[in-house]
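Structure record follows, encoded as structure tokens.
Chain naming here is simple, since letters A, B, ... match the order of the sequence lines and numbering starts at 1 in each. Model, not experiment: these values are computed from the prediction.
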2 protein chains.
Amino acid sequence: MDIASFVTSLLTSFVIFVVLVLVFTWLSRRPCNAPVYYPSLLLRGLDPWEGRSRGTRSPVGWIRQALSASETDVVATGGVDAAVYLIFLSSVLSILVFSGIVLLPVLLPVAGTDNALEKAAGLNNGKAAQNFTQLERLALGNVQKESSRLWAFLLSVYWVSFVTYFVLWKSYKHVSNLRAAARSTSDVKPEEFAVLVRDVPVPPPDQTIKDSVDSYFRALHPDTFYRSMVVMDHTKADKIYQEIESHKQKIARAEVVYAESKTASKPEGTKPTHRIGFLGLIGKKVDTIEYCNDKIKELVPKLESEQKITLREKQQQAAIVFFNRRSAAASASQTLHAQMYDRWTVMQAPEPREIVWSNLSKKIYERQIRQVVVYAIVFFTVVFYMVPITAISALTTLEKLREKLPFLKVVVDQKEIKTVLQAYLPQLALIVFLALLPSLLMFLSKLEGIPSQSHTVRAAAGKYFYFVVFNVFLGVTIGSTLFSALTTIINNPRGIINMLANSLPGSATFFLTFVALK
Amino acid sequence: MDIASFVTSLLTSFVIFVVLVLVFTWLSRRPCNAPVYYPSLLLRGLDPWEGRSRGTRSPVGWIRQALSASETDVVATGGVDAAVYLIFLSSVLSILVFSGIVLLPVLLPVAGTDNALEKAAGLNNGKAAQNFTQLERLALGNVQKESSRLWAFLLSVYWVSFVTYFVLWKSYKHVSNLRAAARSTSDVKPEEFAVLVRDVPVPPPDQTIKDSVDSYFRALHPDTFYRSMVVMDHTKADKIYQEIESHKQKIARAEVVYAESKTASKPEGTKPTHRIGFLGLIGKKVDTIEYCNDKIKELVPKLESEQKITLREKQQQAAIVFFNRRSAAASASQTLHAQMYDRWTVMQAPEPREIVWSNLSKKIYERQIRQVVVYAIVFFTVVFYMVPITAISALTTLEKLREKLPFLKVVVDQKEIKTVLQAYLPQLALIVFLALLPSLLMFLSKLEGIPSQSHTVRAAAGKYFYFVVFNVFLGVTIGSTLFSALTTIINNPRGIINMLANSLPGSATFFLTFVALK
């Protein structure tokens, strides 16, 4: 890529950006679109346009607002997590800016005024007269071997490290203070008073699990124990409840329809009916309101008896224990509670909406085995994902497809489509795999038995991190060096090298995405 | 080694054992040796022979006593640690016995009735007719290749694993119960109510460290905090105190001497004198009692002022905090106490006699750096210890020594001494190194900044473990295989192989020692 095409690409992107911003501005100013663009304001009962000049809704107005928002505002609006995320973004920006301020004015001239590339081109001037771009002139590759200019690059590595450590240390302190402030505010969050207890041992036959949790924690924390809540498997009861709710919704809808039909010419109206068979298409026709009322009457006693059974018999071996002081809960969540390692394991309670209920009752050995199995699967996925993809790519060439699926010939033989397909078909398996990978990792992390949603996300992000590190840094950087060295020895690894070269832009994008998201 | 010499060696050891036991019995029966053989009984004020028949002091009597002692007796006499040590020994014995009961009757015949070794000897019968011993006939090497007898050996590996896991799991539970019982007894140990606090931040100028520790812990544990004890550097005061004590001892001794001299012919006695110069050999002669009394009078005010200074100014940034309940101390020792990672680090308090006082006040970053440096030194010691030793061995050959130290010729040229020296000199450096290694590792572990003596011992044992694993398992087993493979390629690694072969018996001994001591 030379400078001209680089600038062209930059300008194209900018034009697209400007067009999109204008469309956004036009759409967001139409009052009928308010529920799309200002849902949080509407939810809080504010008029999006009240008390503000129309100017603040200009395409750049929100930037001014965002920049002028203090951290306290952010915490109040979006919570600590949002503020931490902003601190993360500003740290990344600081590292870039502080590194760039010193390095760009120093290193660009240092590299730009040397001429290693020209010399190299001059040596084999017959073969490759100008096989380097203008941008490459500004990089390390243009500095001659054993030149004292290399010291500038070496020292700049130290500068970048120093800036990174400094900024990270500052951010760490900042986030730590933010969390401490959030912890000591007066607005009470239930999880700050709770501890998640798992691996509750089977109680003696005359006790329920709840009794044994209560007596155990009351004995250990006589002054601070408040109450416990045992996890129960209410799948059956919930199913009946959902059924009742859906019938109630149907009745509500039917009544509206019935009322509307009354206001028309017929004063007695038409009672809404539906068929009780598959998707309402077959079976007996019934009066919706009557039928649903009957159903509800039938289901309510069923639900009540099921709820009683659940409370009595379906207690799981996990519980959430509440304390009457924040500090008591914090201290209890960090303390061993049993003589044996595999019983009464405690941890900080997650936020209620975050709990992965199905994982709570998994036993400690089950969790460990699951973890090992998941780690093994991830290892094979990260290291050997190229094997099936290369195999699939070899099968999905245009020629193979034409052979196997002859009815595609009509489409495939058109010249334009053929060109596009030839460009994309070999990468198709890779693209599909990379698109599905995050969901796969998320699914695997959930299988590990982690009790909270955000911890699952963190686990998936960690797995993704190893994937990216392995592929970008090892696979591509070291791998391609190794493989190009190997090519001189063995003669047939072209397929792998091509594959790696193909995955480079993709991996780089993912790496940047990861850095932004982490 | 054939069976005959094996039995001879066994018998010789047994004869030595019997002689030593007889000597022990004879010596221990003499009443004047009681302080040597029964110090603990004497300390508890019991007569070693009272209330027992002389028979229990027979050479086997103590075995009966030891075997009949219940675990409660052991805990009462020697503490939990002694009982745990016995459990460890009995676990090792159980693993050996349970493995042996099944494996010896099965595997010995299986291997003994095969004839792979004889066949191999028969193949090159001209060269090495009988290059295997009788004992080797009973081992895996005597089973033919691809024989179905190998299944017996494979299954026996599973049997040994199963026995090991089972015995270890039983012992783990047993030790856990023992510790729990010891923790819940009524005899109070100070460390069970205490927490060791390190990295206490520098207090504001108007507060001492003790004030800040007190206020911090009183705020965090309002109901359970009892009091704190700040670590102080009392080296100077202690020096003066030791001086006073030594003077007091001198006075006590001098008074006895003076009193004894009175009872003799002279009724006024001779006052004991000594010289005040180097080792009492030179300098002015003084009356010991008067001189020492003067010195004490001089030193006591000095000690008092020094003690005051220590209390006020020499508080270190570490403290031991006491709670009024065991559970509060246990819970506090496992809980984070500060927002920042590098302040107010807490841990279980070690036993008072075990504290390594000089390590208490080391800062967290200092400890981490020390740890990394120590680990690096240990790594190089474990992996590359052969390099200096081989170099020294090459220098300390008999010929080199004769050249460099010609005055040794008279001794060295005698034939018997020469033979012995030629056998031992090459290994001398190795023997010295292996003898010094435990002390070196102990010294390094102490440098890490670990606050308790037994933890230091554990750290040193861990380092020793890596040394043994690296040398026995990797260095000798894999290493010699590798090297013998390499010998066919390169022709000059004989020095290294010899060295490794030399170190084999030594390493094996150390491994057994380690297993016994761990």
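- In plain terms, the two heavy atoms of A:Ala83 and A:Leu178 that are nearest each other are CB-CD2, 3.6 Å.
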Pull every donor-acceptor pair under 3.5 angstrom between chain A and chain B and give the atom names with distances.
unit_1, atom_1, unit_2, atom_2, d
A:Ser176, O, B:Gln339, NE2, 3.1
A:Ser176, OG, B:Gln339, NE2, 2.8
A:Asn177, OD1, B:Gln339, NE2, 2.8
A:Ser331, OG, B:Ser331, OG, 2.9
A:Gln334, OE1, B:Leu336, N, 2.7
A:Leu336, N, B:Gln334, OE1, 2.7
A:Gln339, NE2, B:Ser176, O, 3.1
A:Gln339, NE2, B:Ser176, OG, 2.8
A:Gln339, NE2, B:Asn177, OD1, 2.8

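- Between A:Val356 and A:Ile450 there is no side-chain heavy-atom pair separated by less than 4.5 Å.
- Contact of the A:Ile355 side chain with the A:Ile320 side chain is registered, since non-hydrogen atoms from C-beta on lie closer than 4.5 Å.
- Residues A:Val197 and A:Val213 fail the side-chain proximity criterion, which asks for heavy atoms closer than 4.5 Å.
- Neither the backbone nor the side chain of A:Leu220 comes within less than 4.5 Å of any heavy atom of chain B.
- Looking at heavy atoms from C-beta onward, A:Val373 lies in side-chain contact with A:Ile377 at the 4.5 angstrom threshold.
- The two residues B:Pro190 and B:Phe322 come nearest to each other via the heavy atoms O-CE2, 4.2 Å.
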